[in-house]
Amino acid sequence: MREVIESLVSEALRSAVQGGRITLTELPEPAVERPRDPSHGDWATSVALRTAKAAGMNPRELAQVLADEMADHPDIDAVEIAGPGFINLRVSAHALQRVLREVRAEGTGYGRLDLGKGRRVQVEFVSANPVGPMHVGHGRWAALGDSMARVLEHAGYSVEREFYVNDAGVQMDTFAKSVAARYLELCGREIEFGEDWYRGAYITEIAREIFEAEGASWADADPAKRESHFKETAYVQVLEHLKHVLHGMGVDFDVWFSERTLHAPSADGGPSEVEQAIESLRAAGHIYELDDATWFASIPFGDDKDRVLKKADGSYTYFAADIAYHKDKFDRGFDRVIDIWGADHHGYVKRMEAAVAALGHPGQLDVVIGQLVNLFRDGEVVRMSKRTGEMVTFEDLLDEVGPDAARYFFLRRSTDQPLDFDIGLAKQRSNENPVFYVQYAHARICSILRKAAGADTSDDSVDISATVAELVSEDAPLKLLAGDAELSLMRKLAEFPEVVEVAALQLTPSKLTRYAEELAAAFHQFYTLCKVVDPEEPELTAARLYAVDATRIALADVLVLVGVSAPERM
RNA sequence: GCGCCCUUAGCUCAGUGGAUAGAGCGUCCGGCUACGAACCGGGAGGUCGCAGGUUCGAAUCCUGCAGGGCGCACCA
């Protein structure tokens, strides 16, 4: 619809210039927007205000010339000039009714766009260290990343979801030591527990599983061998657990990328990917040696200071591995890479962007910073601590509120806003809970359709799509849908492709929950004012059933992008 | 000290340089002998943190200040 309006305005400008009614050396952008106030119409353009000076006319005068050019378009009912020189356009009922046909024809594909033109995008998110349970923030990244991927797919990108597994490095060793210590306790040994070791109850659980499976045989083994064995056993367990929890919220990854593979020698025994990445930067002239360390000159790429890649002791920094990781991503052919990180990593963004630019992919990395989650229960802050073992984990939260409420609440705030998550509210089945408000609209529609079809309302096996196929006819006289509530509903349905576009361009899936609530509200208002099933008005009933079914489809579509179910009954 | 994010109604938050700044909750008033009242309608409630600047026009862009959050390793 936006394109239609934009070309209408551009056409009016061109025609007015050609006809000599205005004088411009250059045609301006159409500057089309949706007015905040619905009484100003469906669309407005400020083009007359912006170009009045260049055209040497006063804005209202210019607006009048342009309005005259636009008046005859079949999709436009009214063109009005308002305020200092806005041109307000009202879309015709006919054009809105056509939207209903579009929604039903496209079904789950309604709102699909070709912004991506099939370009390959990778979204990397969660990437929690596999040394313990995920915290609630991980849940937020999971919901955010997965919905972002869904939106990008809907907008025409080819998307892959990836989880970076930090299976190398000291936190893995700490993890192994911690598990080994608990294991030795179970074997009845006295142990000394390191200060920075992990103390969560889950460590003891893992140790117990190993103890039960393998007995006390490792108690007298060489500590290094024992820890190495425990590391592998335990981390695989944790990783499987992470997959399981994420899957429980409907989040599944295409690729689980192991950090270790970056450090390992190549297949033919040559240099590792980390070494190759450094060499590739060296070849491009971005590497120097200082104080026995190898440095990446990142300042020229906008970083605050240059960064060490290889330390004086010969080992590589985490950043070096991350550069290799991102080089690997681009080597795999992605046109665009999106990383979702917690706010506690924002200091890392500049150097990563610098590295990606130095590797020859400037501007192809987007880092989305997600602010943290504060958990509340009945107004009280719930503290999270990775070490005390008393934290509320992402899994705990999911068990308590369920995947629908969890995903919906995680998406409801914009990403750069810290999220206050109220467990009590998420569990409430009341009008205070927005996820139920939206799902209720969908269930209510299904109920109307069942009722209209004369279906037995107690029969749970009634299939809604079969009901619809029988009930809703393409011959329905949609021109009868001309009341305010009906027009508002159709306007809201028409907005969906724009919402997908904005969410995809700005990487802000939170727009979806807002839209879902607006669409649900438009439907509830329509329902209150318009009786759908009326035996005395068969024509009107047919038309309204058509509109109701289109709403059902669009609600289901937006909920798919959010990642929340669209129940037929509640 | 430096950097990033935030500051909008009593609360939680929307708000792509446009018109009289919006929603939900809370509060007050009203609506089921019609298809799901888990719903709908209406009222009250604002110096958009403060001060400058840019322009036809600023909650939005720029600068400074204040308050809050998070970071500033040859850690990962």
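Treat the numbers as computed from the prediction; the structure is a model and nothing was measured. Sequence lines set the chain letters: A, B, ... in the order given, protein chains first and strands last, and positions in each chain run from 1. These numbers come from the heavy atoms of this one structure, side chains and all, not from hydrogens, waters or symmetry mates.
A:C446 comes within 4.0 angstrom of nothing in the nucleic acid, heavy atoms only. No engagement by A:A52 is indicated, since no non-hydrogen atom pair under 4.0 Å with the nucleic acid exists. Contacts of A:N88 with the nucleic acid, taken as non-hydrogen atoms under 4.0 Å apart, include base atoms. Heavy atoms of A:T294 sit nowhere under 4.0 angstrom from any nucleic acid atom. A:R412 comes within 4.0 angstrom of no nucleic acid atom, judged by non-hydrogen atoms across all strands.
A:Y527 does not qualify as a stacking partner of the B:C40 base, lacking a centre-to-centre distance under 5.5 Å together with planes within 30°. Stacking between A:F86 and B:A19 is shown: the ring centroid lies under 5.5 Å from the centre of the six-membered base ring, and the planes differ by under 30°.
Residue A:K350 is the one, among A:Q506 and A:K350, whose nearest nucleotide of RNA chain B lies closer to the 5' end (criterion: closest heavy atom). Residue order along RNA chain B, read from the 5' end via each residue's closest nucleotide, puts A:E517 first among A:E517 and A:K531.
Using N1 to N3 plus N6-O4 or O6-N4 for Watson-Crick, or N1-O2 and O6-N3 for G-U wobble, each under 3.5 Å, B:G26 pairs with nothing. As the counterpart of B:U33, no nucleotide is assigned, since no Watson-Crick or G-U wobble pattern has both distances under 3.5 Å. The partner of B:G1 is B:C72, judged by Watson-Crick or G-U wobble contacts that both fall below 3.5 Å. With both pairing distances under 3.5 Å, B:G45 is matched to nothing as a Watson-Crick or G-U wobble pair. In this entry B:A19 has no Watson-Crick or G-U wobble partner, no candidate having both defining distances under 3.5 Å. Across all strands shown, B:C61 pairs with B:G53; the Watson-Crick or G-U wobble distances both stay below 3.5 Å. Across the strands present, B:A9 finds no partner; the criterion is a Watson-Crick or G-U wobble pair with both atom distances under 3.5 angstrom.
Rounded to whole angstrom, the span from the CG atom of A:L419 across to the C1' atom of B:G68 amounts to 17 Å. Across the protein-nucleic acid pair, A:E353 atom CD and B:G3 atom C1' stand 14 Å apart, rounded to whole Å. Residue A:E495 contributes atom CD, which lies 13 Å from atom C1' of B:U16 at whole-angstrom precision. Rounded to an integer number of Å, the gap from A:L489 CG to B:C40 P is 13 Å. For A:D422 and B:C13, the CG to P distance is 11 Å, given to the nearest whole Å. Rounded to whole Å, the distance from OH on A:Y515 to P on B:G15 is 17 Å. Rounded to an integer number of Å, the gap from CZ of A:R444 to P of B:A34 is 14 Å. Atom CZ in A:F526 sits roughly 18 Å away from atom P in B:C39 (whole-Å rounding).
In this structure a side-chain-to-backbone donor-acceptor pair under 3.5 Å is missing from A:T294 to A:E289. For the pair A:R552 (side chain) and A:A547 (backbone), a donor-acceptor distance under 3.5 Å is absent. Looking at A:D339, its side chain never comes within 3.5 Å of a backbone N or O of A:E124 through a donor-acceptor pair.
Using atom C1' as the reference point in both B:G10 and B:A51, the two lie 27 Å apart (nearest Å). Rounded to a whole angstrom, the distance from the P atom of B:A38 to that of B:C32 is 15 Å. Nucleotides B:A21 and B:U47, compared at atom C1', are 13 Å apart to the nearest Å. Distance noted for atom P between B:G68 and B:G57: 36 Å (whole Å). B:A14 and B:C25: their C1' atoms are spaced 14 Å apart (whole Å). To the nearest whole angstrom, the two C1' atoms, one in B:A73 and one in B:U12, are 38 Å apart. Here the separation of B:C62 from B:C70, taken at their C1' atoms, is 25 Å to the nearest Å. Separation of the C1' atoms belonging to B:G18 and B:U55 is 12 Å when rounded to the nearest angstrom.
The stretch residues 536-556 of chain A participates, sequence neighbours left out, in no ring pair (Phe, Tyr, Trp, His ring centres under 6.0 Å) pair at all. Residue pairs meeting the side-chain hydrogen bond (donor to acceptor under 3.5 Å, both in side chains) criterion with at least one member in residues 524-538 of chain A, sequence neighbours excluded, are A:R444-A:H524.
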Quick test: give all pairs of protein nitrogen or oxygen and nucleotides 57-62 of chain B nitrogen or oxygen below 3.5 Å, distance rounded to 0.1 Å.
from: B:A59; atom 1: N6; to: A:R36; atom 2: NH1; distance (Å): 3.3

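Looking at the side chain of A:H524, the nearest of the listed nucleotides B:C39, B:G18, B:A19 is B:C39. Relative to the side chain of A:R514, the nucleotides B:A14, B:A38, B:C56 differ in distance, and B:A14 lies closest. The side chain of A:R413 has B:U12 as its nearest neighbour among B:G41, B:C56, B:U12.
Listed pair A:S46 / B:A19 fails the phosphate criterion, with no side-chain N or O lying under 4.0 Å from OP1 or OP2. For A:Y437, a side-chain nitrogen or oxygen approaches OP1 or OP2 of B:C40 to under 4.0 Å. Checking the phosphate oxygens (OP1, OP2) of B:C40, no side-chain nitrogen or oxygen of A:T528 falls inside 4.0 Å. Taking side-chain N and O atoms only, A:K53 has a distance below 4.0 Å to OP1 or OP2 of B:C56.
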**Request:** Produce a footprint string for nucleotides 6-11 of chain B: one letter per nucleotide, 5' end first; B if the base is under 4.0 Å from any protein heavy atom, S if only the sugar-phosphate is, - if neither.
**Result:** S-----
**Reading 5' to 3' through nucleotides 70-76 of chain B, protein heavy-atom contacts under 4.0 Å coded B for base, S for sugar-phosphate only, - for none** = BS--BSB
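Here CZ of A:F523 is found 4.0 Å from CD1 of A:I448. Values are rounded to the nearest 0.5 Å. For the atom pair CZ (A:F175) and CD1 (A:I203), the distance works out to 5.0 Å, reported to the nearest 0.5 Å.
Applying the side-chain hydrogen bond (donor to acceptor under 3.5 Å, both in side chains) rule to A:E517 yields the partners A:Y408, A:R412; only residues at least two apart in sequence or on another chain are considered. Legend: residues meeting salt bridge (charged side-chain N to carboxylate O under 4.0 Å, His left out) with A:D328, ordered by chain and number and at least two apart, are A:R332. Qualifying side-chain hydrogen bond (donor to acceptor under 3.5 Å, both in side chains) partners for A:E29, counting only residues two or more places apart in sequence or in other chains: none. Listed by chain and number, the residues in a side-chain hydrogen bond (donor to acceptor under 3.5 Å, both in side chains) with A:E279 are A:R282 (sequence neighbours excluded). Evaluation of the side-chain hydrogen bond (donor to acceptor under 3.5 Å, both in side chains) rule for A:K511 yields no partner, not counting sequence neighbours. Taking the salt bridge (charged side-chain N to carboxylate O under 4.0 Å, His left out) definition, one finds that A:E61 meets it with nothing, sequence neighbours left out. When the salt bridge (charged side-chain N to carboxylate O under 4.0 Å, His left out) test is applied to A:R260, the partners found at least two apart in sequence or on another chain are A:E232.
In this structure, A:F319 has its ring center closer than 6.0 angstrom to the ring center of A:Y348.
Taking the ring axis of A:W43 as reference, the NZ or CZ atom of A:R34 stays within 45° of it and closer than 6.0 Å to the ring centre.
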